[in-house]
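Both ligands and their constituent atoms are indexed starting at 1 by order of listing. Residue numbers run from 1 in the order of the sequence given.
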Amino acid sequence: MKDVIKIRGNHKLSGEVTVSSCKNSAVAILPAVVLASEVVKLYDVPDIEDIKVLIKLLELLGVEASKKGDCITFDSTNVKNIDLLDDDVKKLRASYYFMGALLGRFKHVKMYSPGGCNLGPRPIDLHLKGFEALGAKISQHGDVIEIDADELIGDEIYLDFASVGATINIMLAACFAKGRTTINNAAKEPEIIDLSSMLNKMGARIRGAGTSEITIDGINRLKGCIHDIIPDRIEAGTYIIAAAAVGNNVKVNNVIPQHIEALTSKLEEMGVIMQIGSDYVKVVGCNDLLATDVKTQPFPGFATDLQQPLTALMCLAKGDSHIEDTIYPERFKHCDELNKMGASIKYHKGSSTIHGGTPLTGSDITARDLRCGAALVIAGLIADGETIIHDAYHIYRGYDSIIEKLRALGADIE
Ligand code: EPZ
């Protein structure tokens with residue numbers, strides 16, 4: 001895939017786009033496969049770079065992956081616990097789910113610390129606190145982390161922050177622990193429910209996913225299963241925002257509306273007119289866009305992953321909009337790039353002010369992280385003239401076939 005995206009903007013999109021399966025669910029479900037003693041069949045795994053990396057890491061561990069149509073079959077019969085000291089581990093943050101999965105299955109893991117988008121400090125102290133509560137010993141030397149446990153015993157764990165990653169990693173490590181593990185102040189994201197429902201199909205005994213208290217009763221082994229990954233709520237939100245910006249009747253299919261209520265209600269406040277069906281959102285059009293304020297929160301609050309794409313739309317809204325990202329206070333690199341296109345955005349210590357109504361002009365800009373890239377694509381669709389987005393690899397990590405999907409809506413993009 002070329003590393004530069006070119007967009008000639010300022011014309012309307014219309015038609016239908018179908019959302020792929022959820023990246024942030026798939027990146028947890030793939031490492032979970034090492035817990036299975038039988039074959040796991042996954043349908044509609046998104047075809048994105050992060051998934052390709054995780055499949056390579058699974059194969060390093062001796063898991064056999066074979067793709068047939070829209071199903072990938074994983075066979076973990078011969079999984080072996082080699083050290084994950086491959087540079088691929090650093091390509092994404094979600095590789096850290098191998099910590100919970102390998103600790104859970106083998107009571108030992110040695111691997112590089114995770115990589116991923118540079119959104120400011122992204123500690124894993126809550127993950128490690130959970131592993132230690134289960135009886136694990138942790139040693140870190142440089143960027144290698146080693147976790148060992150003679151045995152894993154269920155315990156009460158309180159998360160200081162409702163961390164998605166820590167909640168998932170503890171669930172994975174606790175599957176085979178003796179007795180009950182309780183995660184208090186657990187994250188409630190839909191991806192956690194999706195993983196829990198897959199693990200329970202395999203014989204795990206997890207209750208409460210989607211609430212702030214999750215219990216995991218340890219069992220001895222996990223069977224195989226067939227699982228269909230939920231739609232990607234962030235990809236859906238991105239296309240809905242793009243449709244609000246430059247759409248003229250765009251229907252976004254394969255959506256679970258309950259997963260993006262914070263976004264759709266915010267867009268309605270801005271004057272966007274949508275038809276919300278049982279599994280789609282149709283953006284019918286919008287009157288003059290109104291400025292609004294957003295504060296990101298853990299689910300079901302407004303998703304931090306959507307504040308960057310929404311910033312591009314706010315450039316069109318009359319008046320000053322404000323965004324406060326309480327989850328990643330340094331997630332504002334997209335503002336510098338949007339300002340190069342003529343936007344008027346100021347940001348400081350976790351908050352931004354977007355002075356809307358200034359025209360955007362096609363420019364030479366750079367994606368700085370995945371959702372920054374999404375914001376720049378939307379801005380390119382809005383802008384007059386040609387926009388060139390460098391380092392487009394960030395975008396391909398989380399948006400399956402984005403060029404083809406936008407071209408099908410009439411975008412002039414390559
Ligand atoms: C997940 O990251 C997502 N990534 C992120 O999406 C998403 O932005 C984030 O959840 C919040 O919704 C994946 O699912 C792979 P967190 P994660 O643990 O698990 C602090 C995207 O664009 N924290 O809920 O890393 C942390 O610093 C990506 O798809 C600790 O302090 O998020 C941050 O401020 C970007 N200690 C906050 O919690 C810890 O041990 C949110 O982190 C863990 C987290």
Side-chain angles (χ1 to χ4, degrees), residues 20-32 46 48-51 53-54 91-100 113-133 138 140 145 157-173 183 185-195 212 229-230 232-238 259-260 262-263 296-310 324-334 350 367-375 394-400:
S20 299
S21 295
C22 179
K23 164 179 92 77
N24 290 347
S25 183
V27 298
I29 280 174
L30 258 64
I48 51 179
E49 293 312 303
D50 276 10
I51 294 303
V53 173
L54 289 177
K91 284 185 179 162
L92 73 160
R93 182 165 174 79
S95 49
Y96 61 20
Y97 291 136
F98 282 109
M99 286 181 197
S113 301
C117 285
N118 177 7
L119 306 175
R122 298 182 78 184
I124 58 168
D125 56 309
L126 299 176
H127 302 234
L128 304 181
K129 171 182 175 181
F131 297 150
E132 285 170 332
I138 293 158
Q140 290 180 283
I145 191 163
I157 298 163
Y158 175 79
L159 294 181
D160 308 60
F161 176 85
S163 156
V164 174
T167 303
I168 287 174
N169 242 337
I170 295 164
M171 272 168 62
L172 294 171
I183 306 173
N185 193 30
K188 300 187 262 192
E189 270 69 6
E191 293 79 54
I192 289 160
I193 301 172
D194 198 28
L195 174 65
S212 54
I229 296 169
I230 56 170
D232 193 313
R233 60 193 170 97
I234 306 300
E235 184 191 10
T238 305
H259 290 176
I260 48 169
L263 172 71
T296 67
Q297 303 284 356
F299 192 85
F302 192 94
T304 168
D305 294 352
L306 286 173
Q307 63 93 341
Q308 292 169 288
L310 189 69
E324 183 188 351
D325 196 330
T326 64
I327 296 177
Y328 292 116
E330 296 182 30
R331 194 175 193 167
F332 290 94
K333 294 192 181 70
H334 54 296
R368 315 284 287 281
D369 54 65
L370 167 58
R371 307 302 174 182
C372 164
H394 285 290
I395 302 168
Y396 303 130
R397 289 187 48 209
Y399 289 94
D400 186 355

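For ligand 1, the polar-atom distance check finds an N/O of S163 within less than 3.5 Å of one of the ligand's N/O atoms.
Residue E191 does not touch ligand 1, judged by heavy-atom distances below 4.0 Å. Within the 4.0 Å heavy-atom criterion, both parts of L126, backbone and side chain, lie near ligand 1.
Nearest protein heavy-atom contact of atom 8 (O) of ligand 1 is D305 OD1, 2.5 Å. The shortest contact between atom 19 (O) of ligand 1 and any protein heavy atom is with G165 N, 2.8 Å. The nearest heavy-atom contact from the protein to atom 11 (C) of ligand 1 is T304 CG2, 3.8 Å. Closest to atom 25 (O) of ligand 1, if we only count protein heavy atoms, is R93 NE, 2.7 Å.
Contact atoms of ligand 1 toward R371: 21 (C), 22 (O), 29 (O) (distance under 4.0 Å to a heavy atom of the residue). Atoms of ligand 1 lying under 4.0 Å from any heavy atom of Y96, numbered from 1 in the order shown and given with element: 17 (P), 19 (O), 25 (O). Annotation for ligand 1: atoms under 4.0 Å from non-hydrogen atoms of I327 are 33 (C), 34 (O), 37 (C), 41 (C). Proximity to I124 (heavy-atom distance under 4.0 Å) selects the following atoms of ligand 1: 39 (C), 40 (O). Within ligand 1, the atoms closer than 4.0 Å to a non-hydrogen atom of K23 are 21 (C), 29 (O), numbered from 1 in the order shown.
For R331, the heavy-atom gap to ligand 1 drops under 4.0 angstrom.
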For this session: Could you give me the CA-CA distance, side-chain angles and deciding distance for R371 and I234, then say whether side chain to side chain contact (heavy atoms under 4.5 Å, CB included) is met?
Result: CA-CA 9 Å; R371 307 302 174 182; I234 306 300; 3.3 Å; yes
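Looking at D232 and K23, no side-chain N of the basic residue comes within less than 4.0 Å of a carboxylate O on the acidic one, giving no salt bridge.
When P123, A94, A28 are ranked by how near their heavy atoms come to atom 23 (N) of ligand 1, first place goes to P123. Remark: among candidates Y97, F299, F161, Y328, the nearest residue to atom 37 (C) of ligand 1 is F161, based on non-hydrogen atoms. Residue V164 holds the heavy atom nearest to atom 24 (O) of ligand 1 of all those in V164, D125, N24.
Checking D325 against Q307 by side-chain atom types alone, a donor-acceptor pair falls below 3.5 Å.
Every side chain to side chain contact (heavy atoms under 4.5 Å, CB included) that A133 has, sequence neighbours left out, goes to D155, I157. For D194, there are no salt bridge (Lys or Arg N to Asp or Glu O under 4.0 Å) partners, not counting sequence neighbours.
Aromatic ring pairs are classed by plane angle as parallel below 30°, tilted from 30° to 60° and perpendicular above 60°; the pair H127 and Y96 is tilted.
Closest approach of A303 and R233 over heavy atoms only: CB-NH1, 4.1 Å.
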